[in-house]
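The model shown is predicted, which means the values in this text are computed figures rather than measured ones.
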Amino acid sequence: MINLTIWSDFACPYCYIGETRLQRAIEELGLKDDVKVDFRAFELDPTAPKEVTTTTPERFAMKYRLSLEGAKQQIQQISDLGKELGIDFRYATTQYSNTRDAHRLMKLAEDKYDSATVGRLNEALFAAYFTENLVLADHKVLLEKAVSVGMDEKEVKDMLESDRYDDEVRFDEREAGMRGVRGVPYIVFNGTFAVPGAMSIDAFKSALQRELKKQEEDNKVEEKPAERPHTCGPDGCQLL
């Protein structure tokens, strides 16, 4: 069994792209039943407001000191990476807001539901943000997505109206800080081999095969990924 620990944020484009590529790699290698995923919270901006205050191109231009047109071009390039995977990736029109409650919802799913439900919720929240362009701080949105994957409506509503799982989210982020994580996605294979950023499908395949071989041979020799990965942090998204 390969255990993966993934730190990510639902407002991070390379997290959605990277996790989709990783799932493709797992499927193409026929390892669906041999990989266990543990999702960890990482807010790109814990201080982000719950209300949408700016457009994505405006925010992108300000963060990277680009013209509005230059920002739109770079956003489109990122969207194209998602579209190559068959995702209706609409990064330019995303509505950026606080993602703390979305991470708390994931904690509820991990605490009370099976891994299949957790995986469906993870995908649903990414799609809600990048394809449907919904506001993830909106409890109505979170409740709808939770119910759509089989979670109990009253249980979810009660959790969202409380501060439950807030400590668990903060714990994940403190652990990320202790590990020196500054950008996401950040993926740890079997607690030892860390991959920062969204690699290609082939690079993920190599990393998975490496772990399988390592388990078979009890060999801890590390290999570097073949592609420059992408990552997102508080200061934005970039190539590593």
Next on the checklist: What verdict does the ring pair (Phe, Tyr, Trp, His ring centres under 6.0 Å) test give for His103 and Phe10, after you've listed the backbone C-alpha separation in whole Å, the side-chain angles of each residue and the deciding distance to 0.1 Å?
Outcome noted: CA-CA 8 Å; His103 286 296; Phe10 299 110; 5.0 Å; yes
Checklist entry - Side chains of Tyr16 and Glu123: is there a donor and an acceptor less than 3.5 Å apart? => result yes
Checklist entry - Can we say Lys112 and Asp152 salt-bridge, meaning some charged N sits less than 4.0 Å from an Asp/Glu carboxylate O? => result no
Item to check | Atom NZ of Lys63 with >12 non-hydrogen neighbours under 6.0 angstrom | outcome: yes
Checklist entry - With side chains defined as the heavy atoms from C-beta onward, is the minimum distance between Val181 and Glu175 less than 4.5 Å? => result no
Next on the checklist: Could you go through Arg40 and Glu110, starting from their C-alpha distance and side-chain angles, then the distance that decides it, and tell me whether this counts as side chain to side chain contact (heavy atoms under 4.5 Å, CB included)?
Outcome noted: CA-CA 10 Å; Arg40 300 293 181 89; Glu110 290 178 303; over 6 Å; no
Checklist entry - side chain to side chain contact (heavy atoms under 4.5 Å, CB included) with Phe189: which of Thr5, Leu208, Val35? => result Leu208
Checklist entry - Does Glu173 pair with Arg170 as a salt bridge, N-O distance under 4.0 Å? => result no
Checklist entry - Is there a donor-acceptor contact under 3.5 Å from the side chain of Arg100 to the main chain of Asp166? => result no
Item to check | Leu44 with Met62, same ILVMFWY side-chain cluster at under 4.5 Å | outcome: no
Item to check | Heavy-atom side-chain contact between Arg104 and Leu142 under 4.5 Å | outcome: no
Checklist entry - What is the ring orientation for Tyr129 with Tyr96, classed by angle as parallel under 30°, tilted 30 to 60°, or perpendicular over 60°? => result perpendicular
Checklist entry - Is there side-chain contact between Thr94 and Phe130, with heavy atoms separated by less than 4.5 Å? => result yes
Checklist entry - Does some side-chain heavy atom of Leu81 sit less than 4.5 Å from a side-chain heavy atom of Arg21? => result yes
Show which side-chain atoms of residues 64-75 pair as donor or acceptor with protein atoms under 3.5 Å away, not counting sequence neighbours.
from, atom 1, to, atom 2, distance (Å)
Tyr64, OH, Cys237, N, 2.2
Tyr64, OH, Cys237, O, 2.7
Ser67, OG, Gly70, N, 2.9

Next on the checklist: Quick check: do Val37 and Leu22 have side-chain heavy atoms less than 4.5 Å from each other?
Outcome noted: no
Checklist entry - Under the side chain to side chain contact (heavy atoms under 4.5 Å, CB included) criterion, do Phe126 and Ser8 qualify, and how do the steps go? => result CA-CA 11 Å; Phe126 273 121; Ser8 67; 4.2 Å; yes
Checklist entry - Between Tyr186 and Trp7, how do the two ring planes meet: parallel, tilted or perpendicular, split at 30° and 60°? => result perpendicular
Next on the checklist: With a 3.5 Å distance limit and no angle check, can you tell me whether Gln95 reaches the backbone of Asn133 through a side-chain donor-acceptor pair?
Outcome noted: yes
Item to check | Check: Ile78 and His230 side chains under 4.5 Å, non-hydrogen atoms | outcome: no
Checklist entry - Salt-bridged, Asp101 to Lys50, with N to O below 4.0 Å? => result yes
Next on the checklist: What I want to find out is whether Lys36 reaches Asp38 closely enough, with some N-O distance under 4.0 Å, to be called a salt bridge.
Outcome noted: no
Next on the checklist: Hydrophobic cluster membership, with links at side-chain heavy-atom distances under 4.5 Å among I/L/V/M/F/W/Y: are Val169 and Tyr113 in one?
Outcome noted: no
Item to check | From OG1 (Thr20) to CZ (Phe204), nearest 0.5 Å | outcome: 10.0 Å
Checklist entry - When clusters are formed by joining ILVMFWY residues with side-chain heavy atoms under 4.5 Å apart, either directly or through shared neighbours, do Leu136 and Phe39 land in the same one? => result yes
Checklist entry - Which is it for Glu161 and Lys157 under the salt bridge (Lys or Arg N to Asp or Glu O under 4.0 Å) test, yes or no, and what are the steps along the way? => result CA-CA 6 Å; Glu161 292 176 351; Lys157 189 172 184 294; 2.8 Å; yes
Item to check | Expected output: side-chain Glu43 to main-chain Thr99 donor-acceptor under 3.5 Å | outcome: no
Next on the checklist: Are Val149 and Met159 linked, directly or through intermediate hydrophobic residues, by side-chain heavy-atom contacts shorter than 4.5 Å (ILVMFWY only)?
Outcome noted: yes
Checklist entry - Would a 4.5 Å heavy-atom cut-off, applied to side chains only, mark Leu121 and Leu125 as touching? => result yes
Checklist entry - Think Arg210 forms a cation-pi with Phe193, using NZ or CZ under 6.0 Å from the six-ring centre and within 45 degrees of its axis? => result yes
Next on the checklist: Between Leu85 and Ile6, is there shared hydrophobic-cluster membership here, with clusters defined by ILVMFWY side-chain heavy atoms closer than 4.5 Å?
Outcome noted: yes
Checklist entry - Would a 4.5 Å heavy-atom cut-off, applied to side chains only, mark Asn190 and Lys214 as touching? => result no
Next on the checklist: Pair Glu51, Val135 - check side chain to side chain contact (heavy atoms under 4.5 Å, CB included), show working.
Outcome noted: CA-CA 8 Å; Glu51 301 78 22; Val135 180; over 6 Å; no
